[in-house]
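Below you'll find the structure, written out as structure tokens, and then a few comments.
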Amino acid sequence: MICPYFSIFVSYLLGWMIPLSGVVLLQATTAEANDLFIRDQTPTNVCPPPVLSRLKRHRIGAGESLESIARQYNLIPATLLGMNPILRQNQMAVGQEIVIPPYNGIVVEIPAGSTLQEIALAYNAQADVIFEINGCQRQPQLVFIPGVNWTPGGPVVPAKAVLSGYPLPAKASVQMGYGWQLHPTVGRVVFHSGVDLIAKIGTPVLSVGEGVVAFVGARRGYGNLVVVNHQSGKQTRYAHLSEITVTVGQNVPSGEILGKVGISGQPDSDEPHLHFEIRYNSELGWVAENPDPYFTVNREQAIGNR
Ligand SMILES: [Zn+2]
């Protein structure tokens with residue numbers, strides 16, 4: 001069964017996206033499915049399937065390197081690093097599945113209210129090209145921009161001191177990490193905009209840094225959500241809460257209790273967890289980033305538990 005929490009479902013026959021909220025589910029297509037799509041398309045539907053519905057999976061084998069895998073698919077290593085945050089951690093994990101785009105580029109999340117033209121301008125790309133290769137969707141939430149090289153993000157470094165806390169009282173196992181993941185129950189490649197930390201219902205949820213509460217309340221998918229804005233253009237989100245104990249506009253120190261772990265909204269799994277996100281303010285809006293570099297305790301364990 002497909003968990004409705006995923007924000008975007010990509011139909012592999014029609015190739016369009018339906019925006020819902022923070023997470024994305026992609027149908028990994030097969031060559032046969034693509035052939036079927038091409039045969040079925042009518043003159044009014046001439047767009048190719050979106051690039052993000054054509055991701056291949058690759059299971060890392062013994063002896064493989066980032067460079068050798070990139071070479072195998074005629075890509076540059078930066079493309080694989082951009083698509084697969086797991087590859088940025090340390091050494092290659094044999095057996096880990098990664099996703100492979102059909103050509104070089106990066107994936108960009110488009111915040112609500114931003115246009116393709118703005119995205120194109122920000123990345124020095126052509127809006128009509130982005131439109132076409134992403135399946136001619138009117139309002140995509142996530143697009144592939146060809147030819148843009150991924151680079152390690154600058155915003156992570158200065159903000160580490162700003163967000164030095166941990167969102168739970170004790171280190172938790174990671175149920176689903178950030179980025180492209182093979183979803184354990186639906187068996188598809190998904191984009192997860194945060195990290196799911198396993199915790200019992202009722203566990204206090206803590207602000208990871210000093211900040212101002214920007215939003216409290218129910219949001220589709222997220223359920224009961226607390227959003228905190230921090231210095232350095234950072235934002236953190238805490239979702240699926242059972243209880244919220246702060247109010248909008250409230251100043252919170254690092255470690256302040258924001259609420260309690262719950263199962264509200266549409267969690268990715270039945271096991272209670274905190275869905276935690278870190279976002280940075282860009283000219284495109286609040287863009288999700290990988291929380292892993294901010295977690296300093298037992299990071300290896302968290303990665304191993306994915
Ligand atoms: Zn989640």
Side-chain angles (χ1 to χ4, degrees), residues 1-10 17-26 52 83-86 97 99 107 109 111-112 141-142 163 166-168 171-208 215-228 234-244 258-280 286-295 299 301-306:
M1 195 190 87
I2 295 169
C3 172
Y5 180 58
F6 296 118
S7 69
I8 297 177
F9 291 73
V10 177
M17 290 183 171
I18 303 164
L20 295 173
S21 78
V23 188
V24 174
L25 171 58
L26 295 183
L52 292 179
M83 297 291 288
N84 300 279
I86 184 81
E97 283 217 19
V99 293
V107 175
E109 190 182 1
Q141 265 202 335
L142 206 68
L163 307 179
Y166 192 75
L168 293 168
K171 179 70 190 174
S173 296
V174 174
Q175 188 176 58
M176 185 186 278
Y178 169 89
W180 298 99
Q181 308 284 345
L182 181 64
H183 194 284
T185 56
V186 301
R188 293 177 187 168
V189 178
V190 302
F191 185 85
H192 191 220
S193 57
V195 62
D196 290 348
L197 302 168
I198 296 172
K200 288 197 171 77
I201 294 175
T203 305
V205 172
L206 314 174
S207 179
V208 297
F215 176 87
V216 300
R219 284 267 293 270
R220 184 163 64 176
Y222 284 117
N224 293 325
L225 172 72
V226 173
V227 177
V228 180
K234 293 286 177 176
Q235 182 182 84
T236 51
R237 299 182 180 187
Y238 311 78
H240 307 319
L241 306 185
S242 61
E243 198 179 309
I244 292 173
L258 305 173
K260 291 179 176 172
V261 171
I263 51 170
S264 60
Q266 290 148 351
D268 298 332
S269 92
D270 291 338
E271 187 166 14
H273 61 265
L274 171 68
H275 174 93
F276 172 71
E277 294 185 6
I278 295 180
R279 291 178 177 253
Y280 64 92
W286 292 104
V287 179
E289 63 177 290
N290 186 3
D292 276 353
Y294 295 92
F295 294 157
R299 185 142 63 97
Q301 185 204 333
I303 294 164
N305 282 342
R306 277 184 181 176

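Order of appearance sets the numbers: ligands from 1, and atoms from 1 within every ligand.
Taking backbone and side-chain atoms together, His273 has no N/O/S atom less than 2.8 Å away from the Zn ion (ligand 1).
Residue Asp196 approaches the Zn ion (ligand 1) most closely through its N/O/S atom OD1. The Zn ion (ligand 1) sits nearest to atom ND1 when only the N, O or S atoms of His275 are considered.
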Could you go through the side chain to side chain contact (heavy atoms under 4.5 Å, CB included) check for Phe191 and Gln141 one step at a time? CA-CA 11 Å; Phe191 185 85; Gln141 265 202 335; over 6 Å; no
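Geometric assessment of Arg219 against the ring of Phe215 yields a positive cation-pi assignment under the 6.0 Å and 45° thresholds.
Scanning all heavy atoms of the two residues, the minimum distance from Asn224 to Ile244 falls at CB-CD1, 4.0 Å.
Residues meeting the ring pair (Phe, Tyr, Trp, His ring centres under 6.0 Å) test with Phe276, sequence neighbours left out: Tyr238, Phe295.
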